[in-house]
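Just below is one structure, and these are the notes that go with it.
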Amino acid sequence: MVTVKCNALQTELEFHKSVYDAQVDYIHCLFQALRDGYKVFEQSLQEAICQPMQGILSAYLELSREVSDDALKTFLVTFKAQYSQLVSTLEKLKVPPIPAQHEAAEKPAPAAEAISMFGSHFFQTLQSLEESCLAQRQQTLLTSPDSRT
């Protein structure tokens, strides 16, 4: 009788250890998903904002150091080349207006994720990575504790 209880408790312990391991793996996976998602988000910001602005600022600094027709032309050409990218980025970053009090009941306020297309993309990436982590977690839970070493 004691041996049967011992074996039952050992089996239960192994089950709980495997669940714990699955939870730890899931948390690690989620943190990695956050890191990966943020890297993609940061890269998007670099391409959409920082690089175009850096070109414009460099041309402006050159113009401020050397006031000449060539420096002015370089600044204007650089600005013109980056103009459509900057306009597009500004449109994506605009926050939708919050509805007035009487409209609030009819239309829900915009969600935090809808602040920008960049934020939306970031949260969509996180959602996709989270679903992948959940699937991996479920697969780990479905495997027997004996197959995990």
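Numbering starts at 1 and runs along the sequence shown.
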**Asked** Does some side-chain heavy atom of L45 sit less than 4.5 Å from a side-chain heavy atom of F41?
**Response** yes
**Asked** Is the closest side-chain heavy-atom distance between F31 and R35 below 4.5 Å?
**Response** yes
If I take atom [atom1] from residue [X] and atom [atom2] from residue [Y], how far apart are they, to the nearest 0.5 angstrom?
| X | Y | atom1 | atom2 | answer |
| --- | --- | --- | --- | --- |
| L9 | K5 | CG | NZ | 8.0 Å |
| N7 | Q10 | CG | CD | 8.0 Å |
| Q139 | D25 | CD | CG | 12.5 Å |
| Q51 | I56 | CD | CD1 | 12.5 Å |
| E91 | S88 | CD | OG | 8.0 Å |

**Message:** Could you see if L61 belongs to whatever hydrophobic cluster contains I49? Use Ile, Leu, Val, Met, Phe, Trp, Tyr and a side-chain cutoff under 4.5 Å.
**Reply:**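 Result: no, two separate clusters.
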**Message:** Same cluster or not: L63 versus L57, using hydrophobic residues (I, L, V, M, F, W, Y) connected whenever any side-chain heavy atoms lie under 4.5 Å apart?
**Reply:**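 No, separate clusters.
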**Asked** Would you say S128's side chain and Q124's backbone share a donor-acceptor pair under 3.5 angstrom?
**Response** no
**Asked** Taking atom types as modelled, is there a side-chain donor on Q46 or E42 under 3.5 Å from an acceptor on the other?
**Response**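 No pair is found: no donor N or O on one side chain lies under 3.5 Å from an acceptor on the other.
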Mind listing the side-chain donor-acceptor pairs of residues 75-86 below 3.5 Å, one per line with the distance, residues two or more places apart or on another chain?
{"from": "T78", "atom 1": "OG1", "to": "T74", "atom 2": "O", "distance (Å)": "2.7"}
{"from": "Q85", "atom 1": "NE2", "to": "T89", "atom 2": "OG1", "distance (Å)": "3.4"}

**Prompt:** Could you give all pairs that pass the disulfide (SG to SG under 2.5 Å) test and reach residues 7-44, with sequence neighbours left out?
**Reply:** C29-C133
**Request:** Sequence neighbours left out, what pairs pass side chain to side chain donor-acceptor pair (under 3.5 Å) with at least one residue falling in residues 57-72?
**Result:** Q54-S58, E66-S68
